[in-house]
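Since this is a predicted model, take the numbers as computed values, not measurements. Reckoned from all heavy atoms, side chains included, excluding hydrogens, waters and symmetry mates.
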There are 2 protein chains.
Amino acid sequence: MNNLKEKLASKGLKATAQRLYVYEALFNSREHPTAEEVFRKVSKVLPSVSLSTIYNTLETFVEHNLVNKVLSESGTARYDAFVETHHHIYSEKGEIIADYYDDGLAELLLSYFSKKKIFDYEIKEVRLQIICSTKE
Amino acid sequence: MNNLKEKLASKGLKATAQRLYVYEALFNSREHPTAEEVFRKVSKVLPSVSLSTIYNTLETFVEHNLVNKVLSESGTARYDAFVETHHHIYSEKGEIIADYYDDGLAELLLSYFSKKKIFDYEIKEVRLQIICSTKE
DNA sequence: GAACGTAAATAATAATTATTGTAAAAAAAA
DNA sequence: TTTTTTTTACAATAATTATTATTTACGTTC
């Protein structure tokens with residue numbers, strides 16, 4: 001978490017209480033919370049925080065690559081403090097279920113694409129949406 | 001397109017003019033249009049059509065797997081009449097650029113996952129988000 | 001085939017939700 | 001103290017969903 005203070009400083013951003021709590025809320029959750037959910041969490045420790053601040057803060061974090069936006073089919077934005085490349089497991093309904101980390105896969109894919117050279121564009125990153133049936 | 005009439009019938013859905021035009025609008029575009037864009041297209045041939053109908057129709061199609069929702073970072077839903085597995089190329093800003101079809105890739109991934117057997121869930125589909133820098 | 005009843009689909013519009021914009025207040029830094 | 005950054009409060013917007021009335025399609029009976 002001190003890590004974050006340094007990162008903020010290195011980007012010319014002030015380490016305010018709001019920012020630290022927002023980041024903490026994200027970092028301590030693997031649920032890819034929405035802005036609203038982050039707001040509720042942060043409100044518990046900082047009751048005066050405003051929802052706008054949550055949005056602003058999340059947006060600032062995304063701009064500075066401290067946080068990723070996670071795409072979801074419902075349209076509501078979700079956020080993730082884990083910015084290293086990883087993949088997401090979705091339900092058949094399009095809702096996100098879990099993270100999936102796999103370095104071997106990244107290598108496999110990048111070597112596959114480097115052989116094919118199919119793109120006009122340079123590939124920055126490859127992320128998987130793994131759509132699974134939830135067995136009950 | 002007659003194909004669609006049959007599919008609709010098989011799912012107990014009536015083949016109304018609205019549904020056929022909405023589907024046609026999607027099918028004839030590779031732009032993953034938004035509901036609003038579909039609305040404008042359909043309006044040209046069916047001026048009395050309402051935006052609600054577009055939303056309803058798209059939702060009905062998605063429920064019946066005739067159409068897919070495409071993830072996009074702006075939050076606005078985009079739709080795609082191509083339901084066979086394929087992948088999407090995104091800009092670094094998170095906007096969708098193009099489709100990417102690749103059967104070899106699907107095989108590669110499925111064999112990779114079948115070897116690993118890592119999941120509690122059954123994998124239905126694997127889609128890639130390929131994030132590219134747009135070279136200018 | 002025309003008239004009738006019923007259910008499905010559509011249209012018009014209101015309401016809601018998520019998000020963004022704006023301006024004032026507060027906090028931090030210089 | 002002055003200036004800049006950040007936060008707050010609140011207004012505004014955009015996308016989507018919900019509600020209700022109307023229309024349309026379809027099956028049944030005459």
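- Along DNA chain D, the nucleotide closest to A/I54 and the one closest to B/T34 are compared, and the more 5′ of them pairs with A/I54.
- With sequence neighbours left out, B/T16 forms a side-chain contact (heavy atoms from CB on, under 4.5 Å) with B/K14, B/Q18, B/R19.
- Proximity of B/V49 to B/V22: side-chain heavy atoms (C-beta onward) are nowhere separated by under 4.5 Å.
- At least one donor-acceptor pair closer than 3.5 Å links the side chain of A/S111 to the backbone N or O of A/L108.
- C/dA30 and D/dT1 make up a base pair, with Watson-Crick or G-U wobble contacts both under 3.5 Å.
- Spacing between atom CG of A/L58 and atom P of D/dT7 amounts to 11 Å, rounded to whole angstrom units.
- Considering only side-chain N and O atoms, A/Q18 lies nowhere under 4.0 angstrom from the phosphate OP1 or OP2 of C/dA27.
- Atom CG in A/L8 sits roughly 13 Å away from atom C1' in D/dT5 (whole-Å rounding).
- C/dT10 atom C1' lies 14 Å from atom CG of B/L20, rounded to whole Å.
- A salt bridge between A/E36 and A/R40 is present, with a side-chain N of the basic residue lying under 4.0 Å from a carboxylate O of the acidic one.
- Taken from OH in A/Y100 to CG in A/L105, the straight-line distance is 5.5 Å, to the nearest 0.5 Å.
- Looking at residues two or more places apart in sequence or on another chain, you find no ring pair (Phe, Tyr, Trp, His ring centres under 6.0 Å) involving A/H87.
- Sorted by first and then second residue, the ring-ring contact (aromatic ring centres under 6.0 Å, His included) pairs with a member in residues 33-63 of chain A read A/Y23-A/F61; sequence neighbours excluded.
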Could I get a table of every N or O pair under 3.5 Å where one atom is in the protein and the other is in nucleotides 17-28 of chain D?
unit_1, atom_1, unit_2, atom_2, d
D/dA18, N6, B/S52, OG, 3.4

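- Rounding to whole angstrom units, CD of residue B/E63 and P of C/dA9 are separated by 11 Å.
- In the set C/dA9, C/dA11, D/dT16, D/dT16 carries the atom at the smallest distance from any side-chain atom of B/T76.
- For B/E36 and D/dA15, the CD to P distance is 7 Å, given to the nearest whole Å.
- Atom CZ in B/R19 sits about 11 Å away from atom P in C/dA8, given to the nearest Å.
- Salt bridge annotation for A/R78-A/E37: present, with a cationic side-chain nitrogen under 4.0 angstrom from a carboxylate oxygen.
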If you look only at distance, which donor and acceptor atoms sit under 3.5 Å apart when one is on a side chain in residues 64-71 of chain B and the other is two or more places apart or in another chain?
unit_1, atom_1, unit_2, atom_2, d
B/H64, ND1, B/T60, O, 2.9

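- Put simply, NZ on A/K5 is 15 Å from C1' on C/dA28, counting in whole angstrom units.
- Between B/L13 atom CG and C/dA7 atom P the separation is 18 Å, expressed in whole Å.
- Of all the residues in residues 39-50 of chain B, not one reaches under 4.0 Å from DNA chain D with any non-hydrogen atom.
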